[in-house]
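Below: one structure, written as structure tokens.
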Amino acid sequence: MKQMKIPNIEHLQIESFQQDLVGWYEKEKRDLPWRKSKDPYKIWVSEVMLQQTRVDTVIPYYERFMEKYPTIDTFAKAEDEEVLKIWEGLGYYSRVRNLHSAVKEVKERYGSKVPDTLQTISTLKGVGPYTAGAVLSIAYNQPEPAVDGNVMRVISRILSIWDDIAKPSSRKIFEEAVRKLIYEQDPSSFNQALMELGALICTPTSPSCLLCPVRDHCCAFQEGVQTELPVKTRKKKVRHLHLFAIVLKKEGEFLIHKRDETGLLANLWEFPNAELSELLSPKEQMMNFLQDEYGIDAKIETGVFTKIQHVFSHLVWDIDVYAGEMMSEITESTRLKLVNKERLIEFAFPVSHQKIWREYQTRE
DNA sequence: GAATCGTGGCG
DNA sequence: TCGCCAAGATT
């Protein structure tokens, strides 16, 4: 066993801390849709949606999702294409692909009951340490830590932990801390209370320490270093990619393409596009691209009709958008379709291409 | 361990 | 305006 830094909890009166934290939570917790049920499936879906995503963004997605797929079995039966469509705009699309796959496995292998042991639930696709702990504690009331960004921030301040939370290895230190602090009579409320405190009081930039129910237990507050914690190294800046995209029309229909099944925006639909180089003129590049990639000819308008920038977490797209008319026939396939305006909205597009479509329509 | 993988909001 | 962020998992 490699030795690990042990969090120092000597200054803490644990029972008093637990009471102050959970007591505050029971009184102040927000009325969120996923808190109306203890159904492990619903807790699970909410936790996946909430990964790296704000509560306000998730709420409407969660409501729509539960209306359409209220149970394991209803979601297990869903088609891939509609599953992607319901996630459209939420981002990190591998989440829903993994969730769908995992739910089907729960139906087939576990009789539609979400596993209730750490070992088993952790084997499900898309279920990492946080989600496993969250489902086990919130739905099954097991004393497992659920360490997310909120919890690392809150605990780093309370216990004055100066490890860099950007490092994956740091998470274990906080899990150990939570194991020692967790309120075994109500692990569900305790874990949610830590996250709720992080969301409402113990915020990243200007924490409301004067309103904090556990400030008397907080090491960072006593030392006046709450804004110095947590330590988090910032990431380097992102690279830019210059692209062209073409809205190609043929007799009232538009050419759309389904992206590769792995990588960025996997399986989403898009307008034909590629990286723009400096070697040839844009028009030559686009003609070559259409011929090489799809075997088609087109008349492309001379100027761009809009430029779109789209910022990802690790990448920026600068897209020059052109309009044109298809001059040849295509054989439609699973990844290449001609669709009219009405059918277009049945497909899941990344936000960047939704912008393209919106701009195109204002132009027509 | 470092990169990848989205999006919208905020100071 | 822009870096940073928000209930992470996978490769």
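Chain A is the first sequence line, chain B the second, and so forth, proteins listed ahead of strands; every chain is numbered from 1.
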Need one value for [X]: base, sugar-phosphate or nothing, where a base atom within 4.0 Å counts as base even if backbone is also close, heavy atoms only.
X: A:W34; result: base
X: A:V127; result: sugar-phosphate
X: A:T131; result: sugar-phosphate
X: A:R259; result: nothing
X: A:R97; result: nothing
X: A:S313; result: base
X: A:L99; result: nothing

Let me know the distance between [atom1] of [X] and [atom2] of [N], rounded to the nearest Å.
X: A:L315; N: C:dC2; atom1: CG; atom2: P; value: 17 Å
X: A:I165; N: C:dC4; atom1: CD1; atom2: P; value: 13 Å
X: A:N267; N: B:dG6; atom1: CG; atom2: C1'; value: 15 Å
X: A:F174; N: C:dG8; atom1: CZ; atom2: C1'; value: 15 Å
X: A:Q52; N: C:dA9; atom1: CD; atom2: P; value: 9 Å
X: A:M49; N: B:dG8; atom1: CE; atom2: P; value: 15 Å
X: A:I59; N: B:dG9; atom1: CD1; atom2: C1'; value: 15 Å
X: A:Y93; N: B:dC5; atom1: OH; atom2: P; value: 14 Å

Of residues 85-92 of chain A, the positions that come close to DNA chain B - non-hydrogen atoms, cut-off under 4.0 Å: A:G89, A:L90, A:G91, A:Y92
Pair [X] + [Y], salt bridge at N-O below 4.0 Å:
X: A:E144; Y: A:R179; answer: yes
X: A:R95; Y: A:E47; answer: no
X: A:E329; Y: A:K250; answer: yes
X: A:R157; Y: A:E228; answer: no
X: A:E175; Y: A:K172; answer: no
X: A:E196; Y: A:K29; answer: no

I'd like a list of close polar pairs between nucleotides 1-4 of chain B and the protein, N/O only, cut-off under 3.5 Å.
| unit_1 | atom_1 | unit_2 | atom_2 | d |
| --- | --- | --- | --- | --- |
| B:dA3 | OP1 | A:K236 | NZ | 3.1 |

Measuring from the side chain of [X] (C-beta onward, heavy atoms only), which nucleotide among [options] has the closest atom?
X: A:Q51; options: C:dC5, B:dG6, C:dG8; answer: C:dG8
X: A:N98; options: C:dC5, C:dT10, B:dT7; answer: C:dT10
X: A:R54; options: C:dG8, B:dG8, B:dT7; answer: B:dG8

Output field: ring centroids A:Y41/A:W44 closer than 6.0 Å: no
Ring centroid separation A:Y322 to A:F305 under 6.0 Å: no
Given the [atom1] atoms of [N] and [M], what is the spacing between them in whole Å?
N: C:dC4; M: B:dA3; atom1: P; value: 15 Å
N: C:dA6; M: B:dC5; atom1: P; value: 23 Å
N: B:dG8; M: C:dA9; atom1: P; value: 22 Å

Ring-face cation of A:R64 near A:Y61 (centre distance under 6.0 Å, axis angle within 45°):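 Satisfied, under 6.0 Å and within 45°.
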B:dG6 phosphate, OP1 or OP2, under 4.0 Å from A:H310 side-chain N/O: no
Distance test, side-chain N/O of A:R95 to OP1/OP2 of B:dG6, below 4.0 Å: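 Negative; the distance criterion is not met.
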Heavy-atom donor-acceptor pair, A:T53 side-chain to B:dG6 base, under 3.5 Å: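 For A:T53, whose side chain was compared with the base of B:dG6, there is a donor-acceptor pair (under 3.5 Å).
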Least distance between heavy atoms, A:L338 atom then A:L255 atom: CD2-N, 3.7 Å
Heavy atoms of other groups near A:E223 CD, more than 12 under 6.0 Å: no
5'-most by nearest nucleotide on DNA chain B - A:T205 or A:A266: A:A266
